[in-house]
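Down below is the structure, laid out as C-alpha cells.
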Amino acid sequence: MFNKKKRKNMLVMKPILREGYRLEPSPGEEKRLTLVVPRTGWLERLSVRWLGQPEAIRVRLDELGSFVLSRCDGTHTVQDLADALEQAFGSEAEPVLPRLVQFLKILDANGWIRMTPPGDSGPP
C-alpha cells in the first residue's frame, strides 16, 4: 500500500572492493596503498587508445584509507572496521564512525566498493 524505502543499518553492512580493482603497495611508503581502478567504460577505452590516457586510475591512499580498504573483503562489517580503526589509530582516527561512514559513502558513490547486506556470503 505505502511505498516506503526500507532503511538499512550501515553498521551491519559489509563493504567489498569491486571486482577487477586492486590494491598495490605505494612505493617507498610502508603503510600506504594505491587503489588501481581499471578504465573499462567504452569512452575510457577510446581515450586510452586514441589519446594516450593511462589504462588505470591510481588513487594514493593515506594510512587510514589504506587500513580500511585493505579490509573491504566482505568479511568485515562497518562496525568491525570502526572497532579496528579505533584500536589501531586511537585518537588519530576520531571521530571514528562518522569519518568511516563518510569515507565508505564516497567509495560507494564512485563505484569502487559495494555494500553487501548481513547474511550475504560475500563476493559472488
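Keep in mind that what you see is a predicted model, and the values were worked out from it rather than measured.
Between the side chain of Glu94 and the backbone N or O of Ser91, no donor-acceptor pair lies under 3.5 Å. Listed for the Asp108 side chain is no donor-acceptor partner under 3.5 Å among the backbone atoms of Leu104. Between the Ser66 side chain and the Arg32 main chain, no donor and acceptor come within less than 3.5 Å of each other.
Once rounded to the nearest 0.5 Å, the distance linking CG of Leu23 with CG of Leu35 reads 5.5 Å. The distance from the CE atom of Met13 to the CD1 atom of Ile113 is 9.5 Å, given to the nearest 0.5 Å. Between Leu61 atom CG and Phe67 atom CZ the span is 13.5 Å, to the nearest 0.5 Å. To the nearest 0.5 Å, atoms CD (Gln53) and CZ (Arg45) are separated by 15.0 Å. Within the model, atoms CG of Leu100 and CD of Glu86 stand 11.0 Å from one another, a figure rounded to the nearest 0.5 Å. With rounding to the nearest 0.5 angstrom, the CE atom of Met115 is 10.0 Å from the NZ atom of Lys105.
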Quiz item: Can you list the steps and then say if Asp80 with Thr75 is a side-chain contact (heavy atoms from CB on, under 4.5 Å)?
Solution: CA-CA 9 Å; Asp80 295 339; Thr75 60; over 6 Å; no

Quiz item: Can you list the steps and then say if Leu64 with Glu92 is a side-chain contact (heavy atoms from CB on, under 4.5 Å)?
Solution: CA-CA 9 Å; Leu64 275 76; Glu92 186 182 338; 3.9 Å; yes

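Two different hydrophobic clusters hold Ile16 and Val68 under the rule that ILVMFWY side chains link at heavy-atom gaps under 4.5 Å. No single ILVMFWY cluster, assembled from side-chain heavy atoms under 4.5 Å apart, contains both Leu43 and Leu51. Criterion: ILVMFWY side-chain heavy atoms under 4.5 Å apart, direct or through other members. Under it, Leu69 and Phe89 are part of a common hydrophobic cluster. Hydrophobic clustering, with ILVMFWY side chains joined whenever heavy atoms are under 4.5 angstrom apart, keeps Val36 apart from Leu17.
Other residues, nucleotides and ligands place no more than 12 heavy atoms under 6.0 Å from the CD atom of Glu55. The 12-atom threshold is exceeded at CD of Glu24, counting heavy atoms of other residues, nucleotides or ligands nearer than 6.0 Å.
Within the cation-pi definition used here (under 6.0 Å to the ring centroid, within 45° of the axis), Arg99 does not qualify as a partner of Phe103.
With 3.5 Å as the limit, one finds no donor-acceptor pair spanning the side chains of Gln87 and Asp83.
Arg39 and Pro54 get closest at one heavy-atom pair: CD-O, 3.1 Å. The two residues Tyr21 and Pro38 have their closest heavy-atom pair at CD1-CD, 3.3 Å.
For the pair Ser70/Leu33, a side-chain contact is recorded, criterion being any heavy-atom separation below 4.5 Å from C-beta on. Using a 4.5 Å cut-off on side-chain heavy atoms (C-beta onward), Arg18 and Val37 make no contact.
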